[in-house]
Number of protein chains: 2
Amino acid sequence: MENIRGLFQTMTKRFGLLNKNCCSVGGMEISLVQSHILYEIDRLKQPSVQQLADALAMDITTLSRQIQKLVQMGLVKKTPYPEDRRIFILSLTTEGTYIAAKIDAEINEYLTEVFSHMSEFEKETVLRSIQLLNDCMAKSSVCCKPMYGGK
Amino acid sequence: MENIRGLFQTMTKRFGLLNKNCCSVGGMEISLVQSHILYEIDRLKQPSVQQLADALAMDITTLSRQIQKLVQMGLVKKTPYPEDRRIFILSLTTEGTYIAAKIDAEINEYLTEVFSHMSEFEKETVLRSIQLLNDCMAKSSVCCKPMYGGK
DNA sequence: AAAAAACAGTTGCATTTTGCAAATAATTTG
DNA sequence: CAAATTATTTGCAAAATGCAACTGTTTTTT
């Protein structure tokens, strides 16, 4: 079998590129990190800043500032959390949801195109493989420690 | 089938994290980009600066400066190319090769750990899936345009 | 073969991003 | 209740980024 790291490197490089290309939507310039932030807020549903930082394995000060920008852009909303007044709950605004969905759609479209080069069976296999891989990475003690646990 | 983008996002996020963790080797602090540069120089064998920039889908001015640093660190060598005196050929120094191998080994070790959570058959399937995915991404007209063509 | 166009690579900025240390505010612990 | 902890934000200084402009070299055009 071939160089395993090489396979991963190539794959992630290409997907990362795809992500980058998908960032400017509807006149609004979104950076790659910002795109990831939007995605993760959407996924986590009402995370705090800290939770988000953990999920993204990102320095919280950097995140804090990026969020400020996204709030200014009107894409993210920060809501004080009554039970614990240190905490802010993050959510997407209507526009933020729209942008996130737009990015999502674009990336999925690209992926669909990529998958069109394989048979339905191959596609299923590949997707199940990635799923399995994610599960095993989550299990792994050594890698991805600070990552979000579940799936 | 589940959200496809989500699968990719999770996977690349985790692998990216792994990459980041593997960057500081032997007292030498290597940034993530620098690690990718080393990897790609090694892979391409004697690329020019421009070729490398294309392969990494990176702005050439940024790359130029990063290479200067790597040269200063003694990891990369720049050799004038006689046939075309505009061009510099890049290669790893002995130490650069050592560092790159070290990073490679560490990442592969992590990956091995991850794969230890699955059967040999599953592992084979996953690796072949990624291989297939890479091939299809390379074929795709729409995604990854500026990426290195072959595999 | 001279002038023009194209190319490889490097700098000059000016902007953005990053992360550590420190500050602030709120909560929990002993 | 004082001390320790936690969540979040700022100060600051370093690093990374990318466009425009520049140098030097090769190729094209005519």
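Chain letters run A, B, ... following the sequence lines, proteins first and then strands; every chain starts at 1. Below, all heavy atoms of this structure are taken into account, side chains as well, without hydrogens, waters or symmetry copies.
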>> Using every non-hydrogen atom in the two residues, find where B/Glu122 and B/Met118 come nearest and quote the distance to one decimal.
In response: OE1-CB, 3.1 Å

> Could you give the distance from OG1 (B/Thr12) to CZ (B/Arg5), rounded to the nearest 0.5 Å?
Replying inline: 9.0 Å

>> Rounded to whole Å, how long is the line connecting atom CD1 of A/Ile67 with atom C1' of D/dT9?
In response: 11 Å

>> Using whole Å, what does the distance between atom C1' of nucleotide C/dT18 and atom CD1 of A/Ile37 come to?
In response: 13 Å

> Could you give the CD-to-C1' distance, from A/Glu29 to D/dC19, as a whole number of Å?
Replying inline: 15 Å

>> If the cut-off is 4.0 Å, is A/Ser48 near the phosphate of D/dA7, judged by side-chain N/O to OP1 or OP2?
In response: no

>> Treating A/Ser64 as the side-chain partner and A/Ile60 as the backbone partner, does any N or O pair qualify as donor plus acceptor under 3.5 Å?
In response: no

> Can you check the B/His36 NE2 to D/dT17 P distance for me, whole Å?
Replying inline: 12 Å

>> Test your reading of the model: is there a side-chain donor-acceptor pair from B/Thr93 to the backbone of B/Leu75, 3.5 Å cut-off?
In response: yes

> In residues 73-88 of chain B, what residues come within less than 4.0 Å of DNA chain C, judged by heavy atoms?
Replying inline: B/Lys78, B/Arg86, B/Ile87, B/Phe88

> Less than 4.5 Å apart, any side-chain heavy atom of A/Leu90 and any of A/Lys78?
Replying inline: yes

>> Between P on C/dG9 and CG on B/Leu70, what's the gap in Å once rounded to a whole number?
In response: 16 Å

> Cluster question for you: counting only ILVMFWY and a side-chain heavy-atom cut-off of under 4.5 Å, with indirect links fine, are B/Ile89 and B/Leu56 together?
Replying inline: no

>> Without decimals, in angstroms, what is the distance between B/Asp54 CG and C/dC7 P?
In response: 12 Å

>> Rounding to an integer number of Å, can you tell me how far A/Lys20 NZ sits from D/dT17 P?
In response: 9 Å

> Nearest to the side chain of B/Asp59 - D/dT17, D/dG18, D/dT9?
Replying inline: D/dG18

>> Is it the case that the side chain of B/Asn134 and the backbone of A/Leu7 share a donor-acceptor pair, with hydrogens and angles ignored and the cut-off at 3.5 Å?
In response: yes

>> Across nucleotides 10-15 of chain D, 5' to 3', mark each nucleotide with B, S or - according to how protein heavy atoms within less than 4.0 Å reach it.
In response: BBB--S

>> Would you compute the distance between atom CG of B/Leu111 and atom CG of B/Leu18 and round it to the nearest 0.5 angstrom?
In response: 6.0 Å

>> Nearest whole Å is fine: how far is C/dT16 C1' from A/Ile30 CD1?
In response: 15 Å

>> Measuring from atom OH of A/Tyr39 to atom CG of A/Leu44, what distance do you get when rounded to the nearest 0.5 angstrom?
In response: 9.5 Å

